[in-house]
Amino acid sequence: DMMKDVSGLKDMEKQLKAVLGISNVIIVSGDSDQYPLVKNEMGLACIREMERYINAENIIAVTGGTTLAAVAEMMYPLKKSRDLLFVSGRGGLGEQVENQANTICAKMATKAEGRYRLLHVPDQLSEESYQTLIEEPSIHEVLHLIHSATIVVHGIGDARTMALRRGSRQSLLTKIETENAVAEAFGYFFDHCGKVIHKVKTIGLQLDNLYDDRTVIAVAGGKSKAKAIKAYFKEGPNSILVTDEGAAREVLKL
Ligand code: F6P
């Protein structure tokens, strides 16, 4: 029955929190691999967590992906807050436009009745363009906002799936295979031990930005992401994980 279900999920949340060594885990029922609408439930759960941590002034950095798109889809006015500024954590990342951080950021901000700032840069950069762009005042300003984020909301993906989805070079696909990369988040690839094996040279959110005094919410579900979730949190920053039953059950089995 319903009550039993809920208490089962509560138990799993506790177990998962201990296994991953993070501050909080929220599990919604179902498996988003099988039922895409489960992503909307994760989206809602994520927004409720965001509401718990918003203060008078907030800078909320967001990344891309279909799960973050579901957070934006479910967003509603966050009235409690006086000042709500959403900022894109990343440029394009080779995603389809509806799944890019900029699109998601603008939609989320509009629905939350907040403001937004976008990051207008291509995601993969040469050293030379990187150095030039980083000096650009408008970009510098957005980067400063990202570094000052009070809340970061990001997705986690399976390494190979993400490399293929972005049409990455064969050399990266080979590296993923030979170095056993299993997880991807904001352009970083991680192996089973949570070690970074590859990082996209890009302007935007960096792993370092997830430490210090801020609230980090990772939203990722589906049985197929279990390995990625487990690996990412081996070394990952203390976070709140919003996930689904499909991923949770599988992580606990690994
Ligand atoms: O490309 C942006 C991104 O947030 C990745 O860092 C992450 O691996 C992926 O999207 C998750 O995508 P999805 O929510 O569609 O599984």
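Here the structure is a predicted model, which is why all the values come from computation and not from measurement. Values reported hereafter were calculated over all heavy atoms of this structure, with side chains retained and with hydrogens, waters and symmetry mates removed. As the structure lists them, so they are numbered: ligands from 1, and atoms in each ligand from 1.
With a 4.0 Å heavy-atom cut-off, ligand 1 is reached by no atom of H154. Within the 4.0 Å heavy-atom criterion, the part of T63 lying near ligand 1 is the side chain and not the backbone.
Remark: distances from the non-hydrogen atoms of R166 to ligand 1 include one below 4.0 Å. Ligand 1 lies less than 4.0 angstrom from a heavy atom belonging to E184.
L68 pairs in a side-chain contact (heavy atoms from CB on, under 4.5 Å) with only one of the listed residues (T103, T63, N99), which is T63. In summary, of the residues considered (R160, H198, R165, R166), a side-chain contact (heavy atoms from CB on, under 4.5 Å) with E184 occurs for R166 alone.
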One pair to check against side chain to side chain contact (heavy atoms under 4.5 Å, CB included): L164 and L173. What are the steps and the verdict?
CA-CA 8 Å; L164 291 173; L173 290 168; 3.8 Å; yes
Please assess K223 against R249 for the test side chain to side chain contact (heavy atoms under 4.5 Å, CB included), listing each intermediate value before the final yes or no.
CA-CA 8 Å; K223 188 177 173 186; R249 285 192 192 285; over 6 Å; no
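Taking only nitrogen or oxygen atoms, main chain and side chain alike, K39 does not reach within less than 3.5 Å of ligand 1. In terms of polar-atom proximity, G64 is counted as a contact of ligand 1, with an N or O under 3.5 Å from an N or O of the ligand. Inclusion of I156 in the set of residues having an N or O under 3.5 Å from an N or O of ligand 1 is not warranted.
A salt bridge links R117 to E141: one of the charged nitrogens lies within less than 4.0 Å of a carboxylate oxygen.
In summary, the atoms of ligand 1 found under 4.0 Å from a heavy atom of G157, numbered by their order in the structure, are 7 (C), 8 (O). Interface atoms of ligand 1 facing A185, defined by a heavy-atom separation under 4.0 Å, are 6 (O).
Pairs of residues two or more places apart, or lying in two chains, never qualify as side-chain hydrogen bond (donor to acceptor under 3.5 Å, both in side chains) while including a residue from residues 207-221.
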Can you give the donor-acceptor pairs under 3.5 Å from side chains of residues 129-139 to other protein atoms, not counting sequence neighbours?
| residue | atom | partner | partner atom | Å |
| --- | --- | --- | --- | --- |
| S129 | OG | S126 | OG | 2.5 |
| Q131 | NE2 | E127 | OE2 | 2.9 |
| T132 | OG1 | E128 | O | 2.8 |

